[in-house]
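Comments concern the structure below.
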Amino acid sequence: MAARRNVSRGVLNISDIPSLLEEYARHNLPRDPSSVHAPSAALNRKVSVLRYDITKVAADAIVNAANNRLAGGSGVNGAIQSAAGPQLLEESLKLHGCQTGDAKVTKGYMLPAKLVIHAAGPIYDQYDKKEANRLLESCYLRSLQVAAENGVKTIAFPSISTGIFGFPITEASPIALNSVRQFLQSAEGMTLERVVFVLFAGEDEKVYRKTIPKYFPPSE
Ligand code: AR6
């Protein structure tokens with residue numbers, strides 16, 4: 001699919017992004033015989049991975065890799081702030097910050113997404129490994145909870161903490177995938193229809209594509 005290779009394309013609707021179910025049918029994903037998770041067509045229909053600019057994804061909500069003050073920043077935060085316009089920062093500064101591992105919501109303003117869920121990820125070097133993993137998992141789970149509470153049916157995630165905050169993508173991607181699987185299987189997650197992992201770098205997309213079959217194995 002051309003969109004996977006070109007991160008500078010236009011607005012992308014969730015319905016135009018192939019699900020894992022479709023990707024398996026097209027043999028676009030590898031298989032992982034070591035997976036311990038039950039294959040599920042229902043889950044694979046809800047999840048997608050692609051390389052794109054998340055500010056151009058027209059989901060009900062996109063997640064921002066934010067900081068504790070919910071202030072401006074660089075990376076995906078800077079891209080979201082500049083595409084949304086100054087009102088997003090005005091609103092987020094009124095939320096009294098966000099603890100590491102938590103998430104808070106604002107409107108999307110000029111973004112094609114209706115809402116932005118700001119998740120404050122852990123700085124990798126500031127915690128022991130177990131705590132860093134727990135806080136990253138909490139970012140994904142809290143973002144999904146906030147999404148469900150706000151009636152979100154479609155959501156796109158960037159790779160939280162793996163840029164400036166230094167979390168290795170090989171350690172972060174299993175946590176992201178496992179948290180999403182866990183939430184989609186819970187009672188709270190029933191209303192979510194689509195979850196898209198949006199990677200900005202080709203190398204990050206490769207890691208995700210390699211890791212996905214362990215957490216979302218093919219259903220046939
Ligand atoms: N679309 C999707 N992903 C993107 C985009 C984009 N437009 N731009 C960058 N990424 P980072 P962090 C990817 O550094 O590590 C900020 O200053 C990028 O390739 O944005 O959680 C905040 O204010 C990487 O894989 O977030 C915080 O202070 C991923 O987004 C701090 O950085 C996350 O990288 C947060 O650091």
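All ligand and atom numbering here is 1-based and tracks the order in the structure.
- Between Ser159 and Ile169, some side-chain heavy-atom pair lies under the 4.5 Å cut-off.
- The N/O atoms of Phe165, backbone and side chain alike, include one that comes under 3.5 Å of an N/O atom in ligand 1.
- The existence of a salt bridge linking Glu131 and Arg134 is confirmed by a sub-4.0 Å separation between a basic side-chain nitrogen and an acidic carboxylate oxygen.
- Scanning all protein heavy atoms for the shortest distance to atom 19 (O) of ligand 1 gives Phe200 CB, 3.7 Å.
- For the side-chain hydrogen bond (donor to acceptor under 3.5 Å, both in side chains) with His118, the lone residue among Asn64, Asp102, Asn67 that qualifies is Asn64.
- Under the 4.5 Å side-chain contact rule for hydrophobic residues, Leu20 and Leu177 share a cluster.
- Considering backbone and side-chain N/O of Pro158, none are found under 3.5 Å from N/O of ligand 1.
- Scanning all protein heavy atoms for the shortest distance to atom 26 (O) of ligand 1 gives Ala65 CB, 3.6 Å.
- A distance of 6.0 Å or more separates the ring centres of Phe165 and Tyr124.
- Listed by atom number, the atoms of ligand 1 under 4.0 Å from Asp204 heavy atoms are 25 (O).
- Residue Gly121 places every heavy atom at 4.0 Å or more from ligand 1.
- Contacts between Ser74 and ligand 1, counted as non-hydrogen atom pairs separated by less than 4.0 Å, involve both the backbone and the side chain.
- In terms of protein heavy-atom proximity, atom 33 (C) of ligand 1 is closest to Ser159 O, 3.1 Å.
- Annotation: atom 1 (N) of ligand 1 to nearest protein heavy atom, Ile54 N, 3.0 Å.
- Each of the following atoms of ligand 1 lies closer than 4.0 Å to a heavy atom of Gly73: 17 (O), 23 (O).
- In summary, Glu205 and Arg209 engage in a salt bridge, as defined by a charged side-chain N under 4.0 Å from a carboxylate O.
- Looking only at heavy atoms of the protein, atom 21 (O) of ligand 1 is closest to Ser161 N, 2.8 Å.
- Here the straight-line distance linking atom OG1 of Thr162 with atom CD1 of Ile175 works out to 11.0 Å at 0.5 Å rounding.
- The ligand atoms of ligand 1 that sit less than 4.0 angstrom from a heavy atom of Asp53 are 1 (N), 6 (C), 7 (N).
- Of all the listed residues (Val198, Asn77, Ile164, Thr162), Ile164 holds the heavy atom that lies closest to atom 32 (O) of ligand 1.
- The protein atom (non-hydrogen) at minimum distance from atom 30 (O) of ligand 1 is Val76 CB, 3.8 Å.
- Between Arg194 and the choices Ser19, Ser15, Ser48, the side-chain hydrogen bond (donor to acceptor under 3.5 Å, both in side chains) rule is met once, by Ser48.
- A donor-acceptor pair under 3.5 Å is absent between the side-chain atoms of Lys114 and the main chain of Ala59, judged by distance alone.
- Here Ile80 has no heavy atoms under 4.0 Å from ligand 1, in either its backbone or its side chain.
- Side-chain contact check for Tyr140 versus Phe157: some heavy-atom pair is nearer than 4.5 Å.
- Comparing Gly163, Cys139, Ala172 by heavy-atom distance to atom 34 (O) of ligand 1, the nearest is Gly163.
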